[in-house]
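Take a look at the structure below.
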Number of protein chains: 2
Amino acid sequence: MVNISDSFLILPLINHLVKINITMKKNKETATEQAILEAARKVFVEKGFDGARMQEIADEAGINKALLHYYYRSKEKLFETVFLEAFIKVVPSVLVILNSDEPLFNKIERFVSNYLDVLAENPIIPGFILHELAHNQKRIGSLIRGTGINPQFFIAQIYREIEAGNIKNCDPRQLIINMLSMCIFPFVAKPILQAVFFKNSEEEYKQFIAERKAEVTRFIIASIRKQQEEEIILPGQSTQNTSK
Amino acid sequence: MVNISDSFLILPLINHLVKINITMKKNKETATEQAILEAARKVFVEKGFDGARMQEIADEAGINKALLHYYYRSKEKLFETVFLEAFIKVVPSVLVILNSDEPLFNKIERFVSNYLDVLAENPIIPGFILHELAHNQKRIGSLIRGTGINPQFFIAQIYREIEAGNIKNCDPRQLIINMLSMCIFPFVAKPILQAVFFKNSEEEYKQFIAERKAEVTRFIIASIRKQQEEEIILPGQSTQNTSK
DNA sequence: AAAAAAATTAACCAATTGGTCAACATTTCG
DNA sequence: CGAAATGTTGACCAATTGGTTAATTTTTTT
C-alpha cells in the first residue's frame, strides 16, 4: 500500500521518513497486519487520534483488541504508522514534479493536474494531516522536521523566469502557496463547500473538482504570465486564442 | 465578545445561529461564565472536542469542575457554545462584503484584505471549524445547515461582469473558491508552511501574511481581468474599451 | 437579620479506555 | 512427531473521564 517504489525519485525524504519508524519493514506483512492497518487508517482518518478507539479499530479489523498491541505496541505507535503512510502518499508525490526539469508553465499544469488527482483519490488525507500536524506537534513534529522537503529548486526556477521576463515579478513563495491553497483547500473544506455551493450533492462536487484542473491551471498562468505585445511565450502548448 | 451587533447586516444568518442555541442569551454573563467560556475556547480550539478535557477547562478557568456543569449542562453544550462563537466571528463577517454593492474589483480587494485581517486575529479558528465540521457533522451539521449563507448575489455580479466583458469567462464558484482558498489555507496549514518556507520563524510568517494582502488581490485580479487585446467570444457584445 | 436563592466545592460514581497477562490455538521446523 | 515460535483470545486492571450529589459558602431579597 505504501508504494514506496513509486516515489523513489525523492529518496532523501522517503529515506528520512522510512528510517524514522518503519525501519525498512520487511514485506512479509501478514494478512492480519494488513487488516489492522486498513482498519486503523479508516478509524484514525475518520475520527482523529483522540477520537479513535482501539476497540473500534479491532472490531473494524475483525480481531481481538489485544492483537493490536501485539503488532503495534501502543496507540501512538499505530497512529504514527498510519500517519506516515498517509503523509508519504500525499505530500512527496508532487514534489517530484516541482523538482523536475520542465518549463514552468508545463510544470504548473502537471503539478495542478497530478495533485488534484492524488487528492481526489485520498480526499480526506489533507484534513487529517493538517489537523494532526497542528494538534500533535510534539507527537509528529519530530517526524516531519527536516524531511528534506525544500522548494528551493522550484523557487530558483521562478526567479529565472521573472528575470527572463516571462512572468511578472512576484514572491515565489506566494505563488507556490497560492498553488497549494487552490489545490488542497477544496478538500479540506469539502463539507462546508458542498453545503454552500453544491446542495450537498456528491455528484456536483466531483464534477466541480474535475473541472478544477483546467480552471486552476488557467487561473494561475493567466495571473503570472507577462502579456506583452512582443510575447516571448515558451514552447508550451498554450492552447489559447492564438488569433493574432 | 460575540459582537453580534457588528454583523447585523446579515441578520438571517446571525438570527439563525443565535436562535439555535444561544436563545438570545441575556447579557448578564457573570465573570465566572466569561472565564469558563474563555477557558473552554482555548482548550477546545487547541485540542479539539475529543482532545479537550473538562478538568483542564475547569483548571484553566480557575474553578471547580462541577461548576462547568452548573453553567453548561454537558461537554457537548459547552462545545456548541464555543463553536458557534468562533463560527460567527470568522464566517459571516466577510459575507457582508461579498453581498455589498461595490464594483467587483473593489469588492475583491476589500474582501481579501478584511478576511486576512480577521483570520490574522483568529488564526486558529479556521482549522478548528473545518476539522469539527468534518468530524462531527452530526453534532454540528444541523447547526450550520440552512444558515442562509448563500453566494448568489456575488455570483450574479460575476456573471454580469463577464457579460459586460470586464472579466474573462469563468465559473463564478471556481473563482470564489479560489479566493477563499488563498485566504484561508495559509492559516490552516500554518505549521507545515512555517516549517517549509519560513524556518519556523513566527516573524517571517507574520511578514508573509502582511504582504499577502496585496499579493492575493493582485493575483486574482490579474487572472480574471480581460486585457484589452481583441477578444470576441460572444457575438453581440457591447463595445467596451477597445483601443483598437 | 433571617430566609431564600444562587454560586461553589469536595467527594463520589459509572462508564470508558489503553494496555496487560496468562492461557489457548496454530504454524514452523528440527 | 513434538517442541519451539508465532498468532490469537477472553478476562482483567489501573487510570481517566464526563457527570452527579449533597453539603457549604456567598449573595440577594425580604
Side-chain angles (χ1 to χ4, degrees), chain A residues 21-84 128 132 135-136 138-140, chain B residues 21 23 25-84 128 132 135-136 138-140:
Chain A
N21 98 331
I22 305 189
T23 60
M24 280 306 177
K25 173 165 287 185
K26 283 89 170 174
N27 292 17
K28 61 154 184 155
E29 289 177 342
T30 74
T32 305
E33 221 167 335
Q34 290 283 16
I36 291 179
L37 274 187
E38 191 173 340
R41 198 179 312 138
K42 177 176 175 186
V43 176
F44 273 132
V45 167
E46 191 176 317
K47 307 271 177 87
F49 179 83
D50 292 315
R53 298 288 161 248
M54 293 298 266
Q55 186 60 58
E56 189 180 348
I57 297 176
D59 293 346
E60 182 76 32
I63 57 161
N64 188 286
K65 189 181 59 161
L67 209 51
L68 289 185
H69 293 84
Y70 176 78
Y71 282 106
Y72 304 88
R73 230 161 288 179
S74 66
K75 188 184 184 184
E76 303 237 347
K77 187 82 180 53
L78 179 55
F79 176 80
E80 277 180 18
T81 307
V82 168
F83 181 85
L84 268 181
F128 176 61
E132 301 299 336
H135 286 63
N136 302 306
K138 299 119 201 171
R139 182 179 301 119
I140 310 174
Chain B
N21 98 330
T23 61
K25 173 164 286 184
K26 282 90 169 173
N27 291 19
K28 59 154 186 159
E29 291 176 342
T30 73
T32 306
E33 221 167 336
Q34 289 284 16
I36 291 178
L37 275 187
E38 190 172 343
R41 197 178 313 139
K42 177 175 174 185
V43 176
F44 273 132
V45 168
E46 192 176 316
K47 307 271 178 84
F49 179 82
D50 292 315
R53 298 287 160 248
M54 292 298 266
Q55 186 59 58
E56 188 180 349
I57 296 177
D59 292 347
E60 182 75 33
I63 59 163
N64 187 285
K65 189 182 58 160
L67 208 52
L68 290 185
H69 294 84
Y70 177 77
Y71 283 106
Y72 303 89
R73 229 161 289 181
S74 65
K75 189 184 183 183
E76 303 238 347
K77 188 83 181 52
L78 179 55
F79 176 80
E80 277 180 18
T81 307
V82 168
F83 181 85
L84 267 182
F128 175 61
E132 302 298 337
H135 287 63
N136 302 306
K138 298 120 201 171
R139 182 179 300 118
I140 310 175

Once you round it to whole Å, what is the distance between [atom2] of [N] and [atom1] of [X]?
X       : N      : atom1 : atom2 : answer
A/Ile63 : C/dA25 : CD1   : P     : 19 Å
B/Leu78 : D/dT17 : CG    : P     : 16 Å
A/Lys75 : D/dA15 : NZ    : P     : 19 Å
A/Tyr71 : D/dT8  : OH    : C1'   : 9 Å
B/Lys65 : D/dT17 : NZ    : C1'   : 7 Å
A/Leu68 : C/dT20 : CG    : C1'   : 13 Å
A/Ile36 : D/dT9  : CD1   : C1'   : 13 Å
B/Leu67 : D/dT20 : CG    : P     : 14 Å

- Query: Quick check, are the ring centers of B/Phe79 and B/Tyr72 under 6.0 angstrom apart?
  - Reply: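 Between B/Tyr72 and B/Phe79, which both carry aromatic rings, the centre distance is not below 6.0 Å.
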Is the phosphate of [N], meaning OP1 or OP2, less than 4.0 Å from a side-chain N or O of [X]?
X       : N      : value
A/Arg53 : C/dG18 : yes
A/Thr32 : D/dG7  : no
B/Asn64 : C/dT8  : no

- Sugar-phosphate only, base, or nothing, as touched by A/Ala31 at under 4.0 Å among non-hydrogen atoms: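 It contacts nothing in the nucleic acid.
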From [options], pick the nucleotide closest to the side chain of [X]?
X       : options               : value
A/Met54 : C/dA7, D/dG19, C/dG19 : C/dG19
B/Thr30 : C/dG19, D/dG10, C/dA7 : C/dA7
B/Ala66 : C/dT9, C/dG18, D/dG18 : C/dT9

- Query: What's the shortest heavy-atom distance between B/Ala61 and B/Ala35, and which atoms?
  - Reply: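 In this case the closest contact between B/Ala61 and B/Ala35 is CB-O, 3.7 Å.
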- Counting only N and O atoms by type, is there a donor-acceptor contact under 3.5 Å from the side chain of A/Glu33 to the main-chain atoms of A/Tyr71?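 No, because the side chain of A/Glu33 does not come within donor-acceptor range (under 3.5 Å) of the backbone of A/Tyr71.
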- Task: Identify which one of B/Leu78, B/Asp59, B/Ile57 satisfies the side-chain contact (heavy atoms from CB on, under 4.5 Å) criterion when paired with B/Val43.
- Result: B/Ile57
- Check: B/Met54 and B/His69 side chains under 4.5 Å, non-hydrogen atoms: yes
